[in-house]
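Every chain is numbered from 1, with letters handed out A, B, ... down the list of sequences.
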Number of protein chains: 2
Amino acid sequence: MQISSRFTVALHVLACIATFSGQKKVTSVFLAESVNTNAVIIRNILLQLKAAGLIRVDRGTGGAYLKQPADEISLLDVYKAIEPLENGKLFRIHENPSKDCPVGRNIYEVLDGRLSAIQEVMELKLRSMSLADILADLNDRIEEQKD
Amino acid sequence: MQISSRFTVALHVLACIATFSGQKKVTSVFLAESVNTNAVIIRNILLQLKAAGLIRVDRGTGGAYLKQPADEISLLDVYKAIEPLENGKLFRIHENPSKDCPVGRNIYEVLDGRLSAIQEVMELKLRSMSLADILADLNDRIEEQKD
DNA sequence: CTCTGTTGTAATTTTATTTATTACAATGAT
DNA sequence: ATCATTGTAATAAATAAAATTACAACAGAG
């Protein structure tokens with residue numbers, strides 16, 4: 001089961017905001033065209049990024065802006081802003097295993113710590129990467145393509 | 001978006017097979033009761049574990065058995081046996097971003113490597129844990145509960 | 001103050017996926 | 001031959017993602 005595209009859409013959105021800030025007004029319609037999706041999808045993602053304090057969105061006049069320097073926005077910040085994990089747990093454990101079976105009775109406690117450790121390394125890696133890293137790669141590619 | 005419970009169900013199933021091997025015949029019906037789900041769900045998971053070479057399932061007579069020592073079955077083996085990831089990619093990247101936008105044109109290439117690196121650390125951690133580790137924890141708890 | 005472009009939000013639909021269920025042929029030991 | 005069991009198909013129900021439509025709220029520009 002893949003992690004939904006909302007996370008990568010959010011990264012795309014943030015990359016656009018950072019890239020075009022100052023040059024043009026970054027609206028949900030503009031973003032929807034760049035991502036190739038519906039503007040309401042974008043607006044909802046913008047709302048989540050705003051709620052997490054990562055961006056500012058100007059009502060009425062329109063436009064989205066970073067509220068933090070790109071090197072202070074980690075991919076984990078974005079991931080947590082976007083992915084509404086139940087209990088914050090990446091892995092789902094089946095519910096109500098049999099209390100009559102010694103395995104069923106104990107499986108949750110045994111798995112929970114290990115699954116959390118797996119999630120932890122993933123989140124550490126997410127934290128080690130920033131929006132600035134993505135922008136740097138992006139700029140390199142864009143510069144190359146100018147020839 | 002959480003990873004489906006099929007993975008943890010598979011771990012539960014393997015733990016039962018290892019725990020009860022020799023003591024009782026481990027059938028899909030028995031497993032379904034321990035997990036608290038439908039026997040067909042279990043059978044399909046058994047088929048996947050069998051296809052991955054982790055277990056043997058006896059047709060007709062019934063019963064499932066480990067084909068490898070528990071310390072040679074890593075959680076990654078189980079995860080890969082169970083999770084049918086498209087292209088093997090954990091993260092989904094939205095399709096057909098605008099070729100007219102410099103961000104849209106390059107976002108896939110820029111994100112792909114980083115997302116793969118994140119998946120990589122998660123898989124390394126999964127590989128570092130074995131079914132034997134789970135069985136050890138499980139046995140400790142079961143022994144404690146015998147009092 | 002009205003017009004205009006935009007955001008916030010609700011409601012609904014479409015599509016995909018997971019989980020559950022029913023049914024039954026195929027299997028293989030007894 | 002019987003019987004418990006697996007393999008498999010077909011389908012339904014539940015959940016979730018993604019897309020769409022509609023419109024009130026907003027805020028600057030004229």
Side-chain angles (χ1 to χ4, degrees), chain A residues 1-10 12-13 16-17 20 24-52 55-65 79 82-86 89-97, chain B residues 1-10 12-13 16-17 20 24-52 55-65 79 82-86 89-97:
Chain A
M1 190 199 254
Q2 286 182 300
I3 289 170
S4 85
S5 65
R6 299 168 47 73
F7 173 53
T8 53
V9 168
H12 184 149
V13 161
C16 278
I17 293 172
F20 299 114
K24 58 176 70 178
K25 189 166 64 169
V26 182
T27 67
S28 61
V29 169
F30 171 76
L31 289 167
E33 275 170 15
S34 176
V35 171
N36 187 32
T37 186
N38 190 284
V40 174
I41 302 286
I42 298 293
R43 280 185 213 140
N44 285 325
I45 286 173
L46 289 175
L47 285 173
Q48 289 183 276
L49 294 173
K50 187 172 73 167
I55 62 170
R56 190 188 91 224
V57 181
D58 286 356
R59 214 178 170 178
T61 166
Y65 307 86
Y79 186 76
I82 293 297
E83 282 291 338
L85 288 184
E86 197 170 348
K89 306 260 188 188
L90 177 62
F91 294 93
R92 182 180 306 175
I93 304 186
H94 51 292
E95 293 179 349
N96 303 319
Chain B
M1 188 201 253
Q2 286 182 299
I3 289 169
S4 86
S5 63
R6 301 167 45 73
F7 173 53
T8 53
V9 168
H12 183 148
V13 160
C16 279
I17 294 173
F20 299 114
K24 57 177 70 178
K25 189 166 66 171
V26 182
T27 68
S28 61
V29 169
F30 171 77
L31 289 166
E33 275 169 15
S34 177
V35 172
N36 187 31
T37 185
N38 190 284
V40 175
I41 303 286
I42 298 293
R43 282 185 212 139
N44 285 325
I45 286 173
L46 289 175
L47 284 173
Q48 290 184 276
L49 295 173
K50 186 172 74 166
I55 62 170
R56 189 189 93 224
V57 182
D58 286 356
R59 209 171 177 184
T61 166
Y65 307 86
Y79 187 76
I82 293 297
E83 281 291 338
L85 289 183
E86 197 169 348
K89 306 262 188 187
L90 177 61
F91 294 94
R92 184 180 304 175
I93 304 187
H94 51 291
E95 293 180 348
N96 302 319

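Ring orientation note: the planes of B/Phe91 and A/Phe7 are tilted relative to one another, at an angle of 30° to 60°.
Under the side-chain contact (heavy atoms from CB on, under 4.5 Å) criterion, A/Ile41 pairs with A/Thr37, A/Asn38, A/Ile45, not counting sequence neighbours. Annotation: side-chain hydrogen bond (donor to acceptor under 3.5 Å, both in side chains) contacts of A/Ser4 (sequence neighbours excluded): A/Glu83. Remark: B/Arg56 engages B/Asp58 in a side-chain hydrogen bond (donor to acceptor under 3.5 Å, both in side chains) (not counting sequence neighbours). Listed by chain and residue number, A/Asp112 satisfy the salt bridge (charged side-chain N to carboxylate O under 4.0 Å, His left out) test with A/Lys89 (two or more places apart in sequence, or in another chain). The side-chain hydrogen bond (donor to acceptor under 3.5 Å, both in side chains) check on B/Thr27 picks up nothing, with sequence neighbours excluded. In this structure, B/Glu33 has no side-chain hydrogen bond (donor to acceptor under 3.5 Å, both in side chains) partners at least two apart in sequence or on a different chain. Taking B/Ser34 as the reference, A/Cys101, B/His12, B/Cys16 meet the side-chain contact (heavy atoms from CB on, under 4.5 Å) condition, with sequence neighbours excluded.
Taking the nucleotide of DNA chain C with the nearest heavy atom to each of A/Met1 and A/Asp58, the more 5' of the two is matched to A/Asp58. Between B/Gly63 and A/Glu83, the residue anchored nearer the 5' end of DNA chain D, judged by the nucleotide with its closest heavy atom, is B/Gly63.
Within residues 35-48 of chain B, the residues approached by DNA chain D to less than 4.0 Å at the level of any non-hydrogen atom are B/Val40, B/Arg43, B/Asn44, B/Leu47, in residue-number order. A heavy atom closer than 4.0 Å to some atom of DNA chain D occurs in B/Lys25, B/Thr27, B/Ser28, these being the qualifying members of residues 25-32 of chain B.
No side-chain heavy atom of A/Tyr65 sits under 4.5 Å from any side-chain heavy atom of A/Val57. Between A/Ile55 and A/Val13 the shortest side-chain heavy-atom distance does not fall below 4.5 Å. Counting heavy atoms from C-beta on, the side chains of B/Val9 and B/Ile42 come closer than 4.5 Å.
No donor-acceptor pair closer than 3.5 Å links the side chain of A/Lys25 to the backbone N or O of A/Phe30.
The CD atom of A/Glu33 sits 11 Å away from the P atom of C/dT6 (whole-angstrom rounding). When rounded to the nearest whole Å, the span between CD of B/Glu95 and P of C/dT15 equals 15 Å.
Taken to the nearest 0.5 Å, the CG atom of B/Leu49 stands 7.0 Å off from the CD1 atom of B/Ile17.
Between chain B and DNA chain D, the heavy-atom contact criterion of under 4.0 Å yields a 5' to 3' nucleotide range of D/dA4 to D/dA18.
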Expected string for nucleotides 25-30 of chain C under the B/S/- scheme (protein heavy atoms, under 4.0 Å, primed atoms plus P, OP1, OP2 as sugar-phosphate) is -BBS--
